[in-house]
Amino acid sequence: MFISSLISNYGPQREAVASAVRSVRGEILRAEDFGARPDTPQQACLAAVRASDVVVLLLGSAYGAVQPSGVSATEEEWQEAVREQKPILVFVEQVAEREARQEEFVAEVQKWATGRFRGSFMTADELREKVAAELHDLDVASAAGAADEGEMRARAQAALPVSRGGFGGSASLVLVVVTGPHRQILRPTEIEDPALARALQQEGMFGENATLSADSATQTRLDGDGLFVVQDRASVALKEDGTIVVAQPAMSRQGRSEIPSVIEEDVRAGLTRALRFAGWILDRVDPMHRVTDVLAMAMMLDAGYMPWRTRAEAAASSNSATMGRSTQIEPVAPNPARRRRSSLIHEADRISEDLTALLRRQQR
C-alpha cells in the first residue's frame with residue numbers, strides 16, 4: 001500500500017495509516033522510508049504508486065508546493081494512481097478551512113471517488129480504525145477471486161449480436177460490458193421483476209444518458225437469463241451475471257440530400273452515453289459492488305461500405321464521400337481492457353475516445 005499525502009506536519013496521520021497496513025500484514029510504501037536512490041523524488045514516488053496494490057490518499061487543509069507539472073506532488077500521485085487503475089482509498093480530514101487549491105483538489109477527488117473508496121476523519125486514531133476496516137474489506141474481496149481479463153474478453157465476444165445482413169441505415173453501434181469476478185448478480189426472480197424492466201426502460205428513454213428513443217415504440221421481454229428492452233433501432237439487454245449489451249443506431253437521421261455516413265462525433269457521444277448508462281445499470285442491480293471490474297467492447301454492426309466522416313467533413317462535402325472498407329469488422333476494446341468498475345462513469349469520455357479511434361481505423 002502506498003501512502004500519498006503531504007509529509008510535513010502530517011507524520012501522525014501517515015503513521016496511523018502505516019499501523020493499519022501492518023495490522024493486515026501489508027507492505028508499506030511511503031517516501032520517508034525510501035532512503036538514498038538514484039531516482040528523483042518524483043520518479044521514486046510515482047514508481048511506488050505503479051508498484052502498489054492499493055493507494056491510500058490523505059487530504060488535509062494544505063495543498064503543498066506546486067511542481068513544474070502545475071500541481072502538487074500529492075496530486076501527481078493521485079493522477080498516476082487513476083491512470084494505472086489502482087484501487088484508491090481516500091480519507092479527507094475534517095478541518096475548519098482549507099487552502100483554496102486544496103479545496104479544488106478535494107472537490108475533484110470526491111467527485112471521482114464514491115462509495116466505500118472515500119471516508120472522513122478527525123483524529124489519527126479514527127483514521128487508523130477506518131483504514132484498517134477498508135483494507136480488511138479489500139482483502140476479503142480479493143480472497144473471493146480476481147477478475148480474469150481473458151475470461152472476460154471471451155464472455156464479451158460471446159455476448160455480441162450477430163449480423164442481420166442489413167446495410168446502410170440499419171447499421172448499429174454496439175457496446176458490451178461484462179463484469180468481474182464472474183458471478184451471478186441477479187437471481188432469476190430479480191431479473192423477472194417488472195420493476196426492473198420499468199426502471200431500465202425509463203432510464204434508457206428519459207435518463208441523463210439515454211440510449212433509447214423517447215419517441216419509439218418499446219417492448220420488454222425475457223429470454224433465457226436475459227432481460228431485453230427493444231425498439232426498432234435500439235435495444236438494451238441485461239443478463240443475470242451483469243453482462244450489458246447496448247445497441248444504438250450507428251447513424252443519426254440525415255437529410256435527403258446528404259450521403260448517409262457514420263459521423264465520428266456521434267459515435268463517440270453514443271459510446272459515452274452507453275458506458276455511463278451501463279454504470280447506472282450496475283449501480284441499480286449491484287449496489288453493494290460485489291463485482292469490482294468491468295471490460296467494455298464495441299463493434300460496428302452492418303455498416304458495410306458506409307463512409308466514416310467527421311461532422312466538419314460531412315458539412316464540407318454533403319454530396320460526395322469516400323466509401324468505407326469492405327473488410328470484416330472486428331470488435332475492439334481499449335488497452336488495458338479490464339478496468340475498475342468506476343471507470344464506466346468517471347472515465348467514460350476517455351474510454352469512448354479510444355473505442356472510437358479503434359473503430360475508425362477499421363472503417364476508414
Side-chain angles (χ1 to χ4, degrees), residues 1-22 26-135 138 339-340 342-343 346-347 350:
M1 289 81 168
F2 179 79
I3 304 174
S4 176
S5 75
L6 284 180
I7 296 179
S8 59
N9 300 320
Y10 229 59
Q13 292 87 343
R14 291 173 66 85
E15 181 53 40
V17 174
S19 176
V21 173
R22 286 192 291 267
E27 180 183 351
I28 304 160
L29 296 173
R30 52 180 175 175
E32 52 265 55
D33 296 334
F34 287 169
R37 295 190 178 194
D39 307 330
T40 66
Q42 178 195 49
Q43 291 169 338
C45 288
L46 297 186
V49 170
R50 293 190 291 271
S52 66
D53 296 309
V54 180
V55 173
V56 181
L57 176 64
L58 307 180
L59 299 174
S61 59
Y63 180 69
V66 176
Q67 305 300 314
S69 63
V71 299
S72 69
T74 304
E75 189 161 357
E76 283 189 11
E77 293 164 354
W78 152 261
Q79 292 174 350
E80 189 72 7
V82 171
R83 278 192 294 267
E84 292 292 314
Q85 298 288 310
K86 299 293 183 181
I88 308 172
L89 302 178
V90 180
F91 295 91
V92 180
E93 186 179 11
Q94 294 178 309
V95 294
E97 60 179 323
R98 302 184 206 280
E99 295 177 358
R101 192 70 186 269
Q102 182 73 340
E103 211 44 85
E104 295 175 4
F105 185 24
V106 170
E108 172 64 22
V109 168
Q110 290 184 336
K111 181 175 66 175
W112 181 88
T114 58
R116 67 185 182 92
F117 289 106
R118 189 189 75 205
S120 60
F121 68 96
M122 295 185 67
T123 67
D125 288 340
E126 181 185 10
L127 176 62
R128 180 185 303 107
E129 293 176 2
K130 290 191 172 184
V131 172
E134 294 290 356
L135 292 177
L138 280 177
R339 297 174 180 242
R340 301 298 294 179
S342 59
S343 67
H346 305 294
E347 295 185 56
R350 183 174 177 179

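These numbers come from the heavy atoms of this one structure, side chains and all, not from hydrogens, waters or symmetry mates.
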Does any part of the side chain of Gln13, heavy atoms only, come nearer than 4.5 Å to the side chain of Phe91, both counted from C-beta? no

Taking atom CD of Glu77 and atom CD of Gln42, what is their separation to the nearest 0.5 Å? 9.5 Å

In terms of heavy-atom contacts, Ala16 and Ala124 come closest through CB-O, 3.3 Å

Using a 3.5 Å cut-off and no angle test, enumerate the donor-acceptor pairs between side-chain atoms of residues 52-68 and protein atoms at least two apart in sequence or in another chain.
residue, atom, partner, partner atom, Å
Ser52, OG, Val49, O, 2.7
Tyr63, OH, Ser72, N, 3.0
Tyr63, OH, Glu75, OE1, 2.6
Gln67, NE2, Ala65, O, 3.1

Which atoms form the tightest heavy-atom contact between Val82 and Glu347, and what is the distance? O-OE2, 4.1 Å

Looking at Gln79, I want to see if its CD is surrounded by more than 12 non-hydrogen atoms of other residues, nucleotides or ligands under 6.0 Å. yes

Pairwise distance CZ(Phe105) to CD(Gln110) - rounded to 0.5 angstrom: 11.0 Å

In this structure, CD1 of Ile88 is separated from OG of Ser342 (nearest 0.5 Å) by 8.0 Å

Minimum heavy-atom separation for Glu126 to Ser120, with atom names? OE2-O, 4.0 Å

Could I get the full list of salt bridge (Lys or Arg N to Asp or Glu O under 4.0 Å) partners for Arg50, not counting sequence neighbours? Glu80

Which heavy atom of Val131 sits nearest a heavy atom of Ala20, and at what distance? CG1-CB, 3.6 Å

Using side-chain heavy atoms (C-beta onward) and a distance below 4.5 Å, is Leu29 in contact with Met1? no

Under 4.0 Å between a side-chain nitrogen and a carboxylate oxygen: does that hold for Glu93 and Arg98? no

So which heavy atom on Ser5 is nearest to which on Thr74, and how close? C-OG1, 3.4 Å

Report yes if some heavy atom in the side chain of Val71 is under 4.5 Å from a heavy atom in the side chain of Trp78; otherwise report no. no

Heavy-atom closest contact (Leu6 atom, Arg14 atom, distance): O-CD, 3.5 Å

Checking Arg350 against Arg83 for the side chain to side chain contact (heavy atoms under 4.5 Å, CB included) test, could you report, in this order, the C-alpha distance in whole Å, the side-chain angles of both residues, the deciding distance, and whether it holds? CA-CA 11 Å; Arg350 183 174 177 179; Arg83 278 192 294 267; 4.0 Å; yes

To the nearest 0.5 Å, atom OG of Ser4 lies from atom CG of Leu46 at 9.5 Å

Can you establish whether the number of heavy atoms outside Glu97 located under 6.0 Å from its atom CD is more than 12? no

